[in-house]
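Letters A, B, ... are given to chains in the order of the sequence lines, protein chains preceding strands, and every chain is numbered from 1.
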Amino acid sequence: MEPGPELEREIQERWEREDLLGKVRERNRDGPIFYFLDGPPYASGSIHLGTAWNKIIKDAVNRYRLMRGYRVRLQPGWDCHGLPIEVKVEQEVLSDEIECKKDIEEKVGVDRFVEKCKEFALKHVEIMTEQFKRLGVLMDWDHPYMTLDNEYIEGAWYTLKRAHERGLLARDVRIVNWCPRCETALADHEVEYKEIEDPSIFVLFPVEDDSEAEVDLPDNAALLIWTTTPWTLPANLAVAVHPEEEYVLARAEVNGEEWHLIVADKLKVVLSAVADSYEIVDRFPGEALEGVRYRPALWDEVPRLRELHGENDRVHRVYTAEWVTMEEGTGCVHVAPGHGEEDFELGREVGLPPHCPVAEDGTFTEEGGRYEGLYVRDANERIIEDLREKGLLAHEDTVRHRYGHCWRCKTPIIYRATEQWFLKVTEVKDEMLDWIERVEWIPEWAGHSRFRDWVENARDWCISRQRYWGIPLPVWECEECGHLEVVGSLDELKEKARELPDGEPDLHRPWVDRVILECPECGGEMRRVPDVLDVWVDSGVAAWASLGYPRRRDEFEEWFLKEGSCRPEDEEAGADFITEGHDQTRGWFYSQLGCGVITFGACPYRTVLMHGFTLDEEGRKMSKSLGNVVDPMDIVEEYGADTLRWYVLRSNAPWRDMHFSWRDVRDTHRALNVLWNAYRFTKMYSELDGFDPEEHPLEELEEHLQPEDRWLLSRIHTLVREVTDAMERYHVHEAARALYEFVTEDLSRWYIRLVRERVWLERDDPRKLAVYAVLYHAFDRLVRLLNPIVPHVAEHIYRDLLRGEDDPESVQLLDWPEPEEGWIDEELEEAMETVRDAAEAALSLRQRAGVKTRWPLRRLFVEVEDPERLEDLRDVLARVVNVKEVELGERFEEKVPVARPRPDKIGPEFRDLAGRIIRHVEEHSEEVARAILESGEYRTEVDGEEIILTEEHVEIEERLPEGWASAEFEGGRVYLYTEMDEELRREAWAREVIRRVQEMRKELDLDLEERIEVWIDGDREVLEAVREHRDEIAREVRARELSLEAPPEDCDLEREWEVEDRSIVIGLRRGA
RNA sequence: GGGCCCGCAGCUCAGCCAGGUUAGAGCGCGGGGCUGAUAACCCCGAGGUCCCGGGUUCAAAUCCCGGCGGGCCCA
């Protein structure tokens, strides 16, 4: 067994069989409330890496909270309605029958269509549930909240009713984003901007009459306008100019005709595009143009424009507007009140109708004149052609720009004036902004900067959709008097209904469409407004709808109101924790805030962790077309869910986008193996020795604890402190990283390396029992800390190594560990750091000197500022560096000071004698140096003259004595004596022999404890070494007999080794 | 055009909020070593204008201002 899919499946089965969820619940039944609210993933596909990351973060937080004793709400959620599913059903399930939206009602029937949508959603809920389970996510998968449940729908209805009561629900004609394929309005957050190419044309609108304006224009004057949507020209009703900006009148020849063109001064550069040359003949401010009447360019092609021109004197005139930009175009803006937000507002101010000759499906109506029946984007070409023929096309080009598309079907949207339903969030915006400050955001800027910016710019929320699969708008309208009723629940519906349709009530269409109310005002028939709701309302109400509120109060009281201890507007109310990607800034964070403020006057969540996106290694979005999509299930199948979990949690801070890397996944998997090996090491030896942690508690072995034991105990409790702190702050990545470092660096690479020899001691040696006790103690804490991050491996180690008979079945049922301050020894940890650095430096000296670690050396001197600090760890150093003696001191006294002459100083001063003085210093460098160091000067006689040298004349350096090497490390310097004497060499040979025998044992696949017979032959030095260390060798290789002669024919394995140019022959025979 | 985030080794990222050793780690690469938890591990080496330019300061990867590049969101 090893960490991976097989192990995980087994553990997951056990969780299920033993009802872990039930036991967790039972354990925390009376604990404090932690209302985690799952942001509902959309039930239309399978999970991707981002969804996996999202749920893994959630699971880590929840598992942590559970261990701390919280009663955590573990309900998963599913977003089941909406256009995306409708589109899939249209295109995948019923593609034979549906070509356009009409077919849904006429060919398929709303009944069947909705049924298919429901099936589709439920099927994907099932698929995705299995995938989430496979990740080891501990949730109540059998009892999710689904936005398609009646009870849930009532939650949304309730909010709409509250909005209506507060005057925040409005029906209004407005410009909306419209998808001509889906034939519905879209909210701003459902529009996706993509770069596309569009025509860019300059068009002449000939001036007809300037009598209402200040300016005096010649007969052939024309407004020059620019547009990238020629198809909106049939709806042109006005031109806007900037009141303060300067405009020019330019004489120019366009298409062989002379015109006087009107453009903004700042944009007159466009004139060179429409004419070879031009001459400016007049200038005036924009406001002077106000009132100029012109003829729209499509005068002949669109009769309706002529009609409007005749009927309404306000139509086809120039108006002023502050929003006219001098950055592109001509400064004369074509205004179509039926196709643009600003156009619409302007029209409303000056009295223009929101004329819109485009139907729901994006084709021109009868009002589109000769373009009737054409799809708007197809009409562009025809319109341009017509303009050209009439000589009114001044210039034609194309432009690449960002244009809105339907987020689901990717069709370019159009703006249309339609009657829609709105939540007037602009009226509660200040309240919403206040709430942003009262929520805890991780990171801080997610809320106080990014989200605030979005909310500040928010417009009223268009919530109506002209579709089928969604929460029906609970608004009934009287056919007689127009009275509106907003219904807040099924009960209310039953009460107010004239009669209910047959069958089980299903609040979806078409059942609900058949409910007819009686008008309380006039007794007339009331029918439902046929729209459904924007799906973002669905998820926006999750904090109470998932609790069954308002139909039921029990869970709402328990979770939302913390067992009735607070009101919705209090700090403690609502969901305690949510976490989603940064795309949800405008999505779920927003819709919940809006719905919450409307319903309860409060934000329904209290702490938000905003996480990033998963990108590929180069930071690009994962997309099918780039072929860089990583399926989380592939990672799970290859390396296991724990690897994926640990990887995503440690790879970067959650709020940053993750650059996925297979390499790092593999690296993480290796770390998991290191953990696994550490556990197997512990298990293997402790079981071999029949160690029972209950029999040998740490406390009883305290006097036998070695410095490294105390160090590991200190480390594990420091780790408990760090991980706890990180989890409390939701900085899950810090926890994952600290654990990774501990497992690989501290536990495996340092502690186990240090105690390896001790586990070979005799069975009941207390120093060995201390190792086991320490390891058990550490693992007991470690598996708890690991559980939120790698629950499968943590569980396995717990059950296999730690769990006693009366202990809980799962690590998840244990308490989160508390740091035991008594074990924490920060000084020791720091000292060990220094020792590790010193060891590293010493090992590198060995390498440079060409002395393998296996060969023992005599002396190591460590020069540090505060040597006493390392006193207890001298033995650790000796073992790691393999030296007989470690000395500590502030200064390595055996260094020899030497003096180097400085010709540049000696020369000028001593002139002729300089050469000889320099030679003298070189020859007596030690002597000179010592004298100067001791008395400040060195006196000698050269050529009969007494000369005095001071530190000024020489450089004092220090030389190492023969046989020593030295290296610096952080905090000090190490000195290593690298020469070996005969005794050390014999010991080294003994080690070489042991190592070879061990390798041969391994080759024979012997049992760890199995006895053997050994023959060794080799040269004199080798044999002497073996003779001298005979007992030690025999013990370590478990030899019953060790002969210093050539192996006999009938031994089990014979091998000749070449070591350091000598040959050693070794033979092994298994002991009977 | 606005808001936010990011920019450091070939790659993935720490360090920046709270300025102060010689800017670190892992992976990858080259070399060497170790071997009874080893499909591990250890050591060494190469590899950096900390995006650019100003400013503040005794001192800037870190703070401030202005650019540039990338991402997300908005217009």
Ion pair check, A/Glu456 and A/Arg452, cut-off under 4.0 Å: yes

B/rG15 and B/rG24, which share atom name P, separated by this distance in whole Å: 15 Å

N/O (side chain, A/Arg756) to phosphate O (OP1/OP2, B/rA37) under 4.0 Å: yes

For B/rC63, the Watson-Crick or wobble partner whose two distances fall under 3.5 Å: B/rG55

OP1 or OP2 of B/rA37 under 4.0 Å from side-chain N/O of A/Tyr679: no

First of A/Asn457 and A/Glu741 reached from the 5' end of RNA chain B, by closest nucleotide: A/Glu741

Residue A/Leu843, side-chain atoms from C-beta onward, closest of B/rC42, B/rC4, B/rA37: B/rC42

Shortest non-hydrogen separation from A/Thr614 to A/Gly50 and the atoms involved: OG1-N, 3.5 Å

Distance in angstrom units between A/Trp750 CH2 and B/rC42 P, rounded: 11 Å

Between B/rU57 and B/rG30 - P atom distance, rounded Å: 50 Å

A/Gln998 side-chain proximity, nearest of B/rG7, B/rA37, B/rG36: B/rG36

For atom CZ of A/Phe681 and atom P of B/rC41, their distance in whole Å: 16 Å

Proximity to the side chain of A/Arg663 - top-ranked nucleotide from B/rC43, B/rC11, B/rC5: B/rC11

Sugar-phosphate only, base, or nothing, as touched by A/Glu840 at under 4.0 Å among non-hydrogen atoms: sugar-phosphate

Separation between the P atoms of B/rC42 and B/rG47, rounded to whole Å: 23 Å

Distance-only donor-acceptor check, side chains A/Asn652 and A/His659, under 3.5 Å: no

Residue A/Arg737, side-chain atoms from C-beta onward, closest of B/rC13, B/rG36, B/rC4: B/rC13

Atom pair distance, as rounded to whole Å: CH2 in A/Trp855 and P in B/rG33: 12 Å

Rounded distance in Å - CG (A/Asn652) to C1' (B/rC8): 16 Å

Side chain of A/Arg450 - closest among B/rC72, B/rA37, B/rG7: B/rC72

Atom-pair distance (CG on A/Leu754; P on B/rC41), nearest Å: 17 Å

Sugar-phosphate, base or nothing in reach of A/Thr325, heavy atoms under 4.0 Å: nothing

Nearest to side-chain heavy atoms of A/Arg749, which nucleotide of B/rG36, B/rC42, B/rA14: B/rC42

Upstream residue (5' side of RNA chain B) when A/Arg753 and A/Asp453 are each assigned their closest nucleotide: A/Asp453

A/Trp53 side chain to A/Gly581 backbone, donor-acceptor under 3.5 Å: no

Check ion pair A/Arg879-A/Glu757 (N to O, under 4.0 angstrom): no

Heavy-atom donor-acceptor pair, A/Thr682 side-chain to B/rA37 base, under 3.5 Å: no

A/His659 vs B/rC13: side-chain N/O to OP1/OP2 distance below 4.0 Å: yes

For B/rG36, the Watson-Crick or wobble counterpart (both distances under 3.5 Å): none

Pair partner, B/rU12 [Watson-Crick or wobble, under 3.5 Å]: B/rA25

Strand partner of B/rC4, provided both Watson-Crick or wobble distances fall under 3.5 Å: B/rG71

Interatomic spacing from CG in A/Leu739 to CG in A/Leu675 - rounded to 0.5 Å: 9.5 Å

Sugar-phosphate, base or nothing in reach of A/Arg666, heavy atoms under 4.0 Å: nothing

Nearest-Å distance for atom pair NE2/P, residues A/His582 and B/rG70: 17 Å

Atom C1', compared across B/rG69 and B/rA59: separation rounded to whole Å: 29 Å

Euclidean distance for C1', B/rC72 against B/rC11 (whole angstrom): 23 Å

Nearest-Å distance once atom C1' is located in both B/rC73 and B/rG10: 32 Å

Closest listed nucleotide, where the reference is the side chain of A/Asp667 and the choices are B/rG26, B/rG28, B/rG36: B/rG26

B/rC58 versus B/rC5 - spacing of their C1' atoms, nearest Å: 34 Å

Side chain of A/Asp664 (C-beta onward), nearest among B/rC43, B/rG36, B/rG26: B/rG26

Listed nucleotide nearest any side-chain atom of A/Arg670, set B/rC6, B/rC27, B/rA37: B/rC27

Distance, rounded to the nearest Å, where A/Tyr751 contributes OH and B/rA37 contributes P: 15 Å

Nearest-angstrom distance from the residue atom CG of A/Asp657 to C1' of B/rG7: 13 Å

A/Thr682 side-chain N/O to A/Leu775 backbone N/O, donor-acceptor pair under 3.5 Å: no

Mutual orientation of the aromatic rings belonging to A/Trp461 and A/Tyr590 [parallel < 30°, tilted 30-60°, perpendicular > 60°]: tilted

Same-atom distance (C1') from B/rC52 to B/rG26, integer angstrom: 29 Å

